[in-house]
**Student:** 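A single structure is presented below for examination.
None of these values were measured; they are calculated from a predicted model. One-based numbering along the sequence shown.
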Amino acid sequence: MSRTQDLTGRKFGMLTVLERTDRLKDRYFVWRCRCDCGKETFVDTKRLTRGTIKNCGCIPKTTARNGTIAEDLTGRTFGRLTVLYRTENRRSRTFWVCRCSCGKLCSAAAHDLKAGKNRSCGCLRRISPPGFTDIAGRKFGRLTALYVTPERDKKGSVFWHCRCDCGTELEVTENNLVHGNYQSCGCLRREIWAEIPNRLHRIDGTCIEWLESRKHRCDNTSGFRGVNETKNGKYRVSIGFKRQRFYVGTFDTFNEAVEARLEVEEQIHDGFVKAYRSWQQQAEEDPDWAGEHPLVFDVEKGEGDFRIITS
């Protein structure tokens, strides 16, 4: 083919020839071309007509070393480097142009990026505090450590800029990451709390799991659940069940009040849990039976005692 043939408007692979320039390469004219991806590039007549170059580089070339197509790293992040586009090979290696989080552009070999050898444009070495452990790229729960910052907490632990699986970015100290104090940006906790209502069993507003793991409450004046100290120094005892509060009695000493509270807890709360677990076991074995025999466990306050009505 003649070196002076007009290629304007012709298409070679993904390249459409726009115009001939005044430049020469190996005695062949150089043409300005537009790739299907929208980028422009300059290719000489020989490489266009022989099909040596068919795109601007947006599609990785076949390497002579291993005969496979190079992995596309566009958009991926390695440490502080975000891969922008592929550039010319060097020393039989695939190189990529990257933007560092500090704003500078640099090029790095694909092998060095994936192996963790290149994680910044060089600024990381300048700002990294002495004595820190390089955990860049490591994952802690949902958090991936991206790069270290010059900040430290009061204990001297360095802050790492991290990205959560949900996409949120935040800074967490190395100690909190390594010791598992932080597993996400907070999204994991929100999901767990949202699931809690589905894991609890409530009967008429009473939670079975709460009764099974009762703890001392802080909204009373004595420090023990259901026991409150009155103004005259005595102790008033009450108990809640199914959105109702029942008065147990008033006692002269704290020990007497606690003993009375524990006794009525065993009668009402523990009795309810025992009845529910027994009913639940039968219901799982025979769902039809459960529909015909709903759980009944009610409390009535009599004179000085409680009456339990149960199925």
**Student:** How about Lys274: does its NZ atom have over 12 heavy atoms from other parts shown lying under 6.0 Å from it?
**Tutor:**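 Counting neighbours around NZ of Lys274, 12 or fewer heavy atoms of other residues, nucleotides or ligands fall under 6.0 Å, so no.
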**Student:** What is the distance from atom CZ of Arg27 to atom CG of Asp44, rounded to the nearest 0.5 Å?
**Tutor:**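 These two atoms lie 12.0 Å from each other.
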**Student:** Main chain of Tyr28, side chain of Asp26: is a donor-acceptor contact present, judged purely on distance under 3.5 Å?
**Tutor:**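 Side chain of Asp26 to backbone of Tyr28: no pair is present.
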**Student:** What closest approach, in Å, do Ala275 and Thr310 show between heavy atoms, and which atom pair accounts for it?
**Tutor:**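 Closest approach of Ala275 to Thr310: CB-OG1, 4.4 Å.
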**Student:** Rounded to the nearest 0.5 Å, what's the gap from OG on Ser157 to CD on Glu151? Could you check?
**Tutor:**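 Result: 12.5 Å between the selected atoms.
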**Student:** Check Thr82 against Gly75 and note the closest heavy-atom contact, atom names and distance.
**Tutor:**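 Shortest heavy-atom separation between Thr82 and Gly75 comes out as CG2-O, 4.2 Å.
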**Student:** Mind checking whether Phe140 and Leu170 sit in one hydrophobic cluster, side chains of I, L, V, M, F, W, Y counted as touching below 4.5 Å?
**Tutor:**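 As far as the 4.5 Å side-chain criterion goes, Leu170 and Phe140 are connected within one cluster.
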**Student:** Count the heavy atoms belonging to other residues, nucleotides or ligands that lie under 6.0 Å from CZ of Arg142, then report whether that count exceeds 12.
**Tutor:**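 Above 12, so yes.
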**Student:** Evaluate whether atom NZ of Lys25 has more than 12 neighbouring non-hydrogen atoms of other residues, nucleotides or ligands under 6.0 angstrom away.
**Tutor:**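 It does not: Lys25 NZ has 12 such atoms or fewer within range.
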**Student:** Give me the ring orientation class for Phe241 and Phe297: parallel if the planes are under 30° apart, tilted from 30 to 60°, perpendicular past 60°.
**Tutor:**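 Rings of Phe241 and Phe297: perpendicular, as their planes differ by over 60°.
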**Student:** Taking the ring of Tyr235 and the ring of Phe254, is the distance between their centroids below 6.0 Å?
**Tutor:**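 Yes - the distance between ring centres of Phe254 and Tyr235 falls below the 6.0 Å cut-off.
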**Student:** Knowing that exactly one of Asn176, Val172, Leu188, Asp165 qualifies, which makes a side-chain contact (heavy atoms from CB on, under 4.5 Å) with Leu143?
**Tutor:**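 Of the listed options, the one satisfying the test is Val172.
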**Student:** For a quick test of reading the model, state the closest non-hydrogen atom pair linking Thr49 to Phe12 and the distance between them.
**Tutor:**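 Closest approach of Thr49 to Phe12: CA-CE2, 4.1 Å.
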**Student:** Are the side chains of Val299 and Ile308 in touch, meaning some heavy atoms are under 4.5 Å apart?
**Tutor:**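 Yes, close enough: below the 4.5 Å cut-off.
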**Student:** Check whether any side-chain heavy atom of Cys187 sits under 4.5 Å from a side-chain heavy atom of Thr168, and report yes or no.
**Tutor:**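 When only atoms from C-beta onward are counted, Thr168 and Cys187 do not touch, as no gap falls below 4.5 Å.
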**Student:** Heavy atoms, side chains only, cut-off 4.5 Å: are Arg90 and Ser107 in contact?
**Tutor:**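 In contact.
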**Student:** For atom CG of Asp22, decide whether the heavy atoms of other residues, nucleotides or ligands shown that lie under 6.0 angstrom number more than 12.
**Tutor:**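 Counting neighbours around CG of Asp22, 12 or fewer heavy atoms of other residues, nucleotides or ligands fall under 6.0 Å, so no.
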**Student:** Leu24 and Ile53: same hydrophobic cluster, using ILVMFWY side-chain contacts below 4.5 Å?
**Tutor:**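 Yes, it is one cluster - the side chains of Leu24 and Ile53 are joined through contacts under 4.5 Å.
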**Student:** Determine, using the 4.5 Å side-chain heavy-atom cutoff (strictly less than), whether Leu262 and Ile268 are members of one ILVMFWY cluster.
**Tutor:**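 Leu262 clusters together with Ile268.
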**Student:** Would you say that more than 12 heavy atoms from the other residues, nucleotides or ligands in this model lie under 6.0 Å from the CD of Gln282, or not?
**Tutor:**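 Atom CD in Gln282 is crowded, with more than 12 foreign heavy atoms closer than 6.0 Å.
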**Student:** Would you give the length of the straight line joining atom CG of Asp112 to atom OG1 of Thr94, rounded to the nearest 0.5 angstrom?
**Tutor:**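 These two atoms lie 11.5 Å from each other.
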**Student:** Return yes if a side-chain donor-acceptor contact under 3.5 Å exists between Thr230 and Arg236, otherwise no.
**Tutor:**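 Note: Thr230 and Arg236 side chains miss the donor-acceptor criterion.
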**Student:** Tell me whether Leu81 shares a hydrophobic cluster with Leu84, the cluster being built from Ile, Leu, Val, Met, Phe, Trp, Tyr side chains joined at under 4.5 Å.
**Tutor:**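 No; tracing contacts between hydrophobic side chains, which count when under 4.5 Å, never links both residues.
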**Student:** Do Ile239 and His269 have side chains that get closer than 4.5 Å, going by heavy atoms?
**Tutor:**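 Ile239 vs His269: side chains touch.
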**Student:** If the condition is salt bridge (Lys or Arg N to Asp or Glu O under 4.0 Å), which residues does Arg34 pass it with, not counting sequence neighbours?
**Tutor:**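 Arg34 satisfies salt bridge (Lys or Arg N to Asp or Glu O under 4.0 Å) with Glu40 only.
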**Student:** Please lay out, stage by stage, how Phe224 and Val237 fare under the test side-chain contact (heavy atoms from CB on, under 4.5 Å).
**Tutor:** CA-CA 10 Å; Phe224 196 87; Val237 179; over 6 Å; no
**Student:** Should Asn118 and Cys106 count as side-chain neighbours, where that means a heavy-atom distance under 4.5 Å?
**Tutor:**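 No, every pair of side-chain atoms sits at 4.5 Å or beyond.
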**Student:** Taking atom types as modelled, is there a side-chain donor on Thr253 or Asn255 under 3.5 Å from an acceptor on the other?
**Tutor:**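 No pair is found: no donor N or O on one side chain lies under 3.5 Å from an acceptor on the other.
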**Student:** Might you work through the side-chain contact (heavy atoms from CB on, under 4.5 Å) test for Phe251 and Glu259, ending with a clear yes or no?
**Tutor:** CA-CA 10 Å; Phe251 302 86; Glu259 185 178 351; over 6 Å; no
**Student:** With side chains defined as the heavy atoms from C-beta onward, is the minimum distance between Glu169 and Arg163 less than 4.5 Å?
**Tutor:**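 They are in side-chain contact.
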**Student:** Between Ile309 and Glu300, is there a side-chain heavy-atom distance shorter than 4.5 Å?
**Tutor:**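 Heavy-atom side-chain distance check passes, below 4.5 Å.
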**Student:** For the residue pair Phe159 and Asp153, what are the closest heavy atoms and their distance?
**Tutor:**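 Scanning both residues, the minimum pair turns out to be CE1-N, 3.6 Å.
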**Student:** Ring of Phe42, cation from Arg23 - is the NZ or CZ under 6.0 Å from the centre and inside 45° of the axis?
**Tutor:**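 Yes, a cation-pi geometry holds between Arg23 and Phe42.
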**Student:** Is there a side-chain contact between Trp31 and Asp6, using heavy atoms and a 4.5 Å cut-off?
**Tutor:**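 Side chain of Trp31 against side chain of Asp6, heavy atoms only: contact under 4.5 Å found.
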**Student:** To the nearest 0.5 Å, tell me how far Phe306 CZ sits from Asp298 CG.
**Tutor:**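 It comes to 14.0 Å.
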**Student:** Could you tell me which non-hydrogen atom of Cys102 sits nearest to which non-hydrogen atom of Arg80, and how far apart they are?
**Tutor:**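 What the structure gives for the nearest pair is N-NH2, 4.2 Å.
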**Student:** CZ of Phe95: more than 12 outside heavy atoms within 6.0 angstrom?
**Tutor:**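 Yes.
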**Student:** Between the side chain of Arg261 and the main-chain N/O of Ser238, is any donor-acceptor distance below 3.5 Å?
**Tutor:**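 Indeed, once roles are kept as given, a pair shorter than 3.5 Å links the two residues.
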**Student:** What's the verdict on side-chain contact (heavy atoms from CB on, under 4.5 Å) for Thr173 and Tyr182, showing C-alpha distance, side-chain angles and the deciding distance?
**Tutor:** CA-CA 9 Å; Thr173 64; Tyr182 275 73; over 6 Å; no
**Student:** If you round to the nearest 0.5 Å, how far is SG of Cys164 from CD of Gln183?
**Tutor:**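 Atom-to-atom, Gln183:CD and Cys164:SG are 10.5 Å apart.
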**Student:** A quick test of your reading: do over 12 heavy atoms of other residues, nucleotides or ligands sit less than 6.0 Å from OH of Tyr85?
**Tutor:**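 Counting other residues, nucleotides and ligands, OH of Tyr85 stays at 12 neighbours or fewer.
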**Student:** Is it the case that the side chains of Arg47 and Thr52 hold a donor-acceptor pair, with the cut-off being a distance below 3.5 Å and no angle test?
**Tutor:**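 Per modelled atom types, Thr52 and Arg47 side chains form no pair under 3.5 Å.
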**Student:** Yes or no on side-chain contact (heavy atoms from CB on, under 4.5 Å) for Asp286 and His293, after CA distance, side-chain angles and deciding distance?
**Tutor:** CA-CA 11 Å; Asp286 188 356; His293 300 82; over 6 Å; no
**Student:** Does CD belonging to Glu171 count more than 12 external heavy atoms closer than 6.0 Å?
**Tutor:**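 Enclosed: over 12 neighbouring heavy atoms sit under 6.0 Å from CD of Glu171.
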**Student:** Which heavy atom in Cys162 sits nearest to a heavy atom in Ala145, and how many Å separate them?
**Tutor:**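 Answer, listing the atom of Cys162 first, then Ala145: SG-CA, 4.0 Å.
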**Student:** Among Leu7, Thr45, Leu48, find the residue that satisfies the side-chain contact (heavy atoms from CB on, under 4.5 Å) test when tested with Phe29.
**Tutor:**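 Filter result, single survivor: Thr45.
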